[in-house]
Amino acid sequence: MPELTRGRRLVVLAICCMSLLIVSLDNTALNVALPAMRRDLGATVAGMQWTIDAYTLVLASLLMLAGSTADRIGRRKVFATGLVVFALGSLLCSLAPNLEALVVFRMVQAVGGSMLNPVAMSIITNTFTDPAARARAIGIWGGVVGVSMAAGPLVGGVLVQSVGWRAIFWVNLPVALAALLLTLRYVPESRAPRPRRPDPVGQVLVTALLGSLTYAIIETDPLFAGIAAVALAGLLFYEPRRREPLIDLRFFRSAPFSGATVIAVCAFASLGGFLFLNTLYLQDVRGLSPLSAGLWMLPMAGMTLVFAPLSGRLTAARGPRPSLLLAGTAMAAGPLLFAAFAAETSDALLLTGYVVFGIGFGLVNAPITNTAVSGMPRAQAGVAAAVASTSRQVGQTLGVAVIGTVLAAGAGALPHADAFVAAARPGYWIITGCGLAVLAVGALTSGPWARRTAERTARCLASEDGREDARKDDAENGREGARKDDAEDGREGGGEEDREGGAQATAKAPSA
């Protein structure tokens, strides 16, 4: 990618943030619309889980494929295609006649969404080459999640209450169109100098693992749990034996990268479960309108909006450790108010829980992303960013699946207020445990030992990739040399034949 002016870099960042905005806004607005969708479509709690998890499942399955494909054929090309497919999926969702069609159209949306966030992060990584500038850009990127969390419940509440739940999908269309036009005008094309080859077997194994695991949790089916275990074993056996795997397990030799992956799963499992429980509680138990429910959750979104850019600056100045420790503490303390003190029964505790959880989630996103892409080869930025994005989606999928299953088992499809509070308590303990995991893993993987593993991994990757590049160059040079030799031999052979033929013709020619 050519070096861009500062203004052009900011425009590229804004375009990438627009893609994140429509994906995140769609998810947060959808959460507010769940009760209305359930009543309109006659769905169960499990059905509502699938409207979220069908999207995140397909998204998680295709993110790494999208990242490596963008590195291979061009990031702008894949990004623009993603905007078109996401907009088409949104239009189809708004026209869905039943729950089954809505789930299928959400999967179409996810195919487009898989081409947006990891590719946008790869574009940002290759646009902002200075580490401090990249960390600040990622902080702004994380702040967009806060904007979507703030705007999503309000926009969703207004649209559901005034027009209907189908209108939440219409919002994506003008934003996606504007982002597409700006992408074609301002985002330069870029690709990895040594892109990875496709890995269809790895892609099938990843899809089988995530799909069967999610189905096993939501539908409590042990057969699919076994399929997930077999798919995981297949991945661990097959991927290290490929020269260019879909999931480069060498990345996980870095403790910070591995830690960022685990933290992303735990943090977004907390978010998915927390939003799912509170959306149903505010509307089904307290009887609030969609707009009122969105206003109640506004303090959580506002804290995320404020603390995400602060976390980006803190990560740029002090590294990821302070942000991760503060994030883990807050993400454990917020749901603990619900698990141990029944915060649902007190307006003050309810708002306090939202504020504290919002602070934690605002702090966690920037260090996850920065740690995932820092220290990795720029040529593989798409793959590294895709692993981080996949971890987020896997976490959200598992959070909704696990918490929804726990809630359904304890309270049924139409919970009474007392039954809901009691049934939700185990879910809040699980969310609290996820926050503690963020704290513990963040502390373990952000110290001096962890940094040394990251440095060794970077040197190893550079060395191994360098040898691989040398082998490719040698092979290419060998083929080129062989072609030149063949051509030279052909010319030489042709010349000798011409000379011999000429001599023979001279000998046979009659004398004058």
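Because only heavy atoms are used, hydrogens play no part in the values below, and waters and symmetry mates are left out as well, while side chains stay in.
- Closest heavy-atom contact between Ala33 and Ile168: CB-CD1, 3.9 Å.
- Under the rule for a ring-ring contact (aromatic ring centres under 6.0 Å, His included), Phe105 has no partner lying at least two apart in sequence or in another chain.
- Between Phe420 and Tyr281, the angle of the ring planes lies from 30° to 60°, which puts this pair in the tilted group.
- Using a 4.5 Å heavy-atom threshold, the side chains of Tyr55 and Val23 count as touching.
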Subject >> Audit row: Asn365, Phe268, side chain to side chain contact (heavy atoms under 4.5 Å, CB included) steps and yes/no >> reply: CA-CA 10 Å; Asn365 216 26; Phe268 278 78; 3.6 Å; yes

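- Every residue meeting the salt bridge (Lys or Arg N to Asp or Glu O under 4.0 Å) condition with Arg286, not counting sequence neighbours, appears here in chain and number order: Asp347.
- The closest side-chain heavy-atom distance from Asn278 to Tyr354 is below 4.5 Å.
- At a threshold of 4.5 Å between non-hydrogen side-chain atoms, the residues Ile52 and Leu34 count as touching.
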**OP:** Assess whether side chain to side chain contact (heavy atoms under 4.5 Å, CB included) is satisfied between Ile22 and Leu83, documenting all intermediate values.
**Re:** CA-CA 10 Å; Ile22 58 174; Leu83 289 169; 4.3 Å; yes

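- Not counting sequence neighbours, the partners of Leu182 by the side chain to side chain contact (heavy atoms under 4.5 Å, CB included) test are Ile15, Met18, Tyr186.
- Counting only heavy atoms from C-beta outward, the side chains of Asn98 and Val103 never approach each other to under 4.5 Å.
- Phe86 is not listed as a side-chain neighbour of Leu91, based on a closest heavy-atom distance of 4.5 Å or more.
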Check residues 172-181 and write down every donor-acceptor pair under 3.5 Å in which the side-chain atom is one partner and the other belongs to a residue at least two apart or another chain.
from   : atom 1 : to    : atom 2 : distance (Å)
Asn172 : ND2    : Asp26 : OD1    : 3.0
Asn172 : ND2    : Ser90 : OG     : 3.0

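- Rounded to the nearest 0.5 Å, atoms CD (Gln109) and CG (Leu30) are 8.5 Å apart.
- Between Ile431 and Gly273, the shortest heavy-atom distance links the atoms CD1-C, 3.8 Å.
- One N or O on the side chain of Ser114 and one on the backbone of Val111 form a donor-acceptor pair closer than 3.5 Å.
- Between Val438 and Gly328, the shortest heavy-atom distance links the atoms CG1-CA, 3.7 Å.
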**OP:** Could you check Arg38 against Trp165 for side chain to side chain contact (heavy atoms under 4.5 Å, CB included), going step by step and ending with a plain yes or no?
**Re:** CA-CA 10 Å; Arg38 189 178 69 180; Trp165 63 264; over 6 Å; no

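- Side-chain atoms of Gln396 do not come within 3.5 Å of backbone N or O of Thr56 as any donor-acceptor pair.
- In this structure, Arg106 and Thr51 approach most closely via the heavy-atom pair NE-O, 2.9 Å.
- Interatomic distance, Asp53 CG to Leu210 CG, rounded to the nearest 0.5 Å: 11.0 Å.
- When all heavy atoms are compared, the tightest approach of Ala267 to Val364 is CB-CG1, 4.0 Å.
- In this structure, Asp40 contributes its side chain and Ala36 its backbone to no donor-acceptor pair below 3.5 Å.
- For Cys434, the side chain to side chain contact (heavy atoms under 4.5 Å, CB included) partners two or more places apart in sequence, or in a different chain, are Cys266, Ala269, Ser270.
- Atoms CZ and CD, from Phe79 and Glu189 in turn, are 12.0 Å apart once rounded to the nearest 0.5 Å.
- If you take OG1 on Thr279 and CE on Met297, they are separated by 4.5 Å, rounding to the nearest 0.5 Å.
- Ser94 meets the side-chain hydrogen bond (donor to acceptor under 3.5 Å, both in side chains) test with Trp170; sequence neighbours excluded.
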Extract all donor-acceptor atom pairs below 3.5 Å that involve side chains of residues 401-408 and protein atoms in other chains or at least two apart in sequence.
from   : atom 1 : to     : atom 2 : distance (Å)
Thr405 : OG1    : Ile217 : O      : 3.0
Thr405 : OG1    : Ala401 : O      : 2.6

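- A cation-pi contact links Arg241 to Phe237, judged by a cut-off of 6.0 Å to the six-membered ring centre and 45° from its axis.
- In terms of modelled atom types and a separation under 3.5 Å, the side chain of Arg76 and the main chain of Ile123 share no donor-acceptor contact.
- How far CG of Leu324 is from CD1 of Ile368: 7.5 Å, rounded to the nearest 0.5 Å.
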Original post:
Hey, mind stepping through Arg9 and Thr127 against side chain to side chain donor-acceptor pair (under 3.5 Å) and telling me if it holds?
Top reply: CA-CA 6 Å; Arg9 289 198 299 269; Thr127 300; over 6 Å; no

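- In this structure, the side chain of Ser258 engages the main chain of Phe252 through a donor-acceptor pair within 3.5 Å.
- In this structure, CG on Leu288 lies 7.5 Å from CH2 on Trp296, to the nearest 0.5 angstrom.
- Listed for the Thr304 side chain is a donor-acceptor partner under 3.5 Å among the backbone atoms of Gly358.
- Cys93 and Arg166 make their closest contact through O-NH1, 4.3 Å (heavy atoms, listed as atom of the first residue, atom of the second, distance).
- Classification of the Phe361-Phe357 ring pair by plane angle, with boundaries at 30° and 60°, yields parallel.
- Phe128 meets the ring-ring contact (aromatic ring centres under 6.0 Å, His included) test with no other residue; sequence neighbours excluded.
- The closest side-chain heavy-atom distance from Asp199 to Tyr238 is below 4.5 Å.
- Qualifying side-chain hydrogen bond (donor to acceptor under 3.5 Å, both in side chains) partners for Ser289, counting only residues two or more places apart in sequence or in other chains: Gln161, Ser292.
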Subject >> CA sep, side-chain torsions, deciding dist, call: Met300, Leu275, side chain to side chain contact (heavy atoms under 4.5 Å, CB included) >> reply: CA-CA 10 Å; Met300 177 173 62; Leu275 290 177; 3.4 Å; yes

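- Proximity of Val394 to Leu398: side-chain heavy atoms (C-beta onward) are separated by under 4.5 Å at one or more points.
- Distance alone, capped at 3.5 Å, is enough to place a donor-acceptor pair between the Ser19 side chain and the Cys16 backbone.
- For residues 209-235, the ring pair (Phe, Tyr, Trp, His ring centres under 6.0 Å) pairs, not counting sequence neighbours, are Tyr215-Phe224.
- Side-chain N or O atoms of Gln283 include one that pairs as donor or acceptor with a backbone N or O of Val32 at under 3.5 Å.
- In this structure, the side-chain hydrogen bond (donor to acceptor under 3.5 Å, both in side chains) partners of Ser311, at least two apart in sequence or on a different chain, are Ser323.
- The side-chain hydrogen bond (donor to acceptor under 3.5 Å, both in side chains) test applied to Thr207 returns Gln203, not counting sequence neighbours.
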